[in-house]
Amino acid sequence: MNDDSKTPGKSPRIMMMIMVTVLLVQFFFGMYDNLYINMPFNSSLTVPGLLKAIERMISMGMTPPLMIHMLLGLVILLLGIITAVTVAKSGWIGAGVLAGFAAVFIAVAGLGGLAFVLVGQRNDESYVMAASWAVALTLYFAALMSTSPRR
């Protein structure tokens, strides 16, 4: 007899699917920004340096895709943390660990993005963003695979 009360519901899997979707959307905004938007150069990786860079971008007419990319990044980080906790609490410990590591890589991508804005579109920071995004996406796929119903 199967006890469904101990089986995790569908909501953790749905949350991971949402994360995959928003990461894909974020990828397209990031590619657009990387290819078509010039960041103001700032050699300082400090909070005042960040504020100056943001002030310069706004005065230069910061484009909506960049603003969306930045705000979506913050939303994705928050959703990633919530997803990791939700999946772990659901009883899928392995998937929760994978989702937790995905959230860490999302944070690393965000820090890479912050450095990218502050130091003026260097390839190193672009690579950190892209590689971290790819690892996070792969981890969500692995977590989804580990929670797929066995037939």
Side-chain angles (χ1 to χ4, degrees), residues 7-54 56-57 62-151:
T7 303
K10 291 182 181 179
S11 64
R13 282 185 53 79
I14 292 170
M15 289 183 74
M16 289 187 286
M17 289 178 207
I18 289 170
M19 289 303 298
V20 167
T21 303
V22 294
L23 281 170
L24 290 172
V25 169
Q26 181 73 328
F27 172 78
F28 290 107
F29 278 108
M31 287 306 297
Y32 179 89
D33 293 341
N34 193 11
L35 294 171
Y36 300 112
I37 296 176
N38 291 319
M39 307 292 166
F41 178 74
N42 185 358
S43 61
S44 173
L45 285 173
T46 62
V47 172
L50 172 63
L51 296 176
K52 281 186 184 265
I54 291 173
R56 267 187 272 148
M57 283 190 289
M62 185 166 65
T63 64
L66 180 59
M67 290 187 284
I68 292 169
H69 185 64
M70 291 167 59
L71 291 174
L72 187 57
L74 292 172
V75 170
I76 288 172
L77 178 58
L78 181 61
L79 285 175
I81 293 167
I82 293 168
T83 299
V85 170
T86 301
V87 173
K89 282 185 171 183
S90 73
W92 285 324
I93 302 302
V97 169
L98 292 172
F101 278 119
V104 169
F105 278 97
I106 291 167
V108 170
L111 291 173
L114 180 62
F116 186 77
V117 168
L118 289 177
V119 297
Q121 289 180 302
R122 286 192 353 207
N123 290 336
D124 297 345
E125 288 80 16
S126 182
Y127 180 79
V128 167
M129 282 189 291
S132 298
W133 172 88
V135 171
L137 187 69
T138 303
L139 288 168
Y140 281 121
F141 275 121
L144 281 166
M145 293 297 291
S146 74
T147 61
S148 65
R150 311 271 190 257
R151 293 184 186 199

Extract all donor-acceptor atom pairs below 3.5 Å that involve side chains of residues 136-145 and protein atoms in other chains or at least two apart in sequence.
residue : atom : partner : partner atom : Å
Thr138  : OG1  : Ala134  : O            : 2.8

- All heavy atoms of Ile76 vs all of Met19, minimum pair found to be O-CE, 3.5 Å
- Note on the structure: Given the options Val22, Thr21, Val20, Leu24 meets side-chain contact (heavy atoms from CB on, under 4.5 Å) only with Val20
- Note on the structure: Tightest non-hydrogen contact, residues Ala115 and Glu125, listed as CB-CG, 3.3 Å
- Evaluate side chain to side chain contact (heavy atoms under 4.5 Å, CB included) for Met15 paired with Ile82, printing each intermediate quantity in order. CA-CA 9 Å; Met15 289 183 74; Ile82 293 168; 3.5 Å; yes
- Task: Hey, could you give me the CE/CZ distance between Met129 and Phe105, rounded to the nearest 0.5 Å?
- Result: 16.0 Å
- Interatomic spacing from CD1 in Ile106 to CG in Leu23 - rounded to 0.5 Å: 5.0 Å
- Which atom of Arg13 lies closest to which atom of Thr147, heavy atoms considered: NH1-OG1, 2.8 Å
- Message: To the nearest 0.5 Å, what is the distance between CG on Leu77 and CG on Leu111?
- Response: 9.0 Å
- What distance do Met17 atom CE and Ser11 atom OG have between them, rounded to the nearest 0.5 Å? 11.0 Å
- Exercise: identify the closest heavy-atom pair between Gly112 and Val128: CA-CG1, 4.1 Å
- Item | Leu74 vs Leu78 side-chain heavy atoms within contact, under 4.5 Å | no
- Message: Could you measure the distance from the CE atom of Met67 to the CZ atom of Phe29? Nearest 0.5 Å is fine.
- Response: 11.0 Å
- If you round to the nearest 0.5 Å, how far is CD of Gln26 from CE of Met31? 12.5 Å
Between side-chain atoms of residues 95-102 and protein atoms elsewhere (two or more places apart, or another chain), which donor-acceptor pairs fall under 3.5 Å?
none

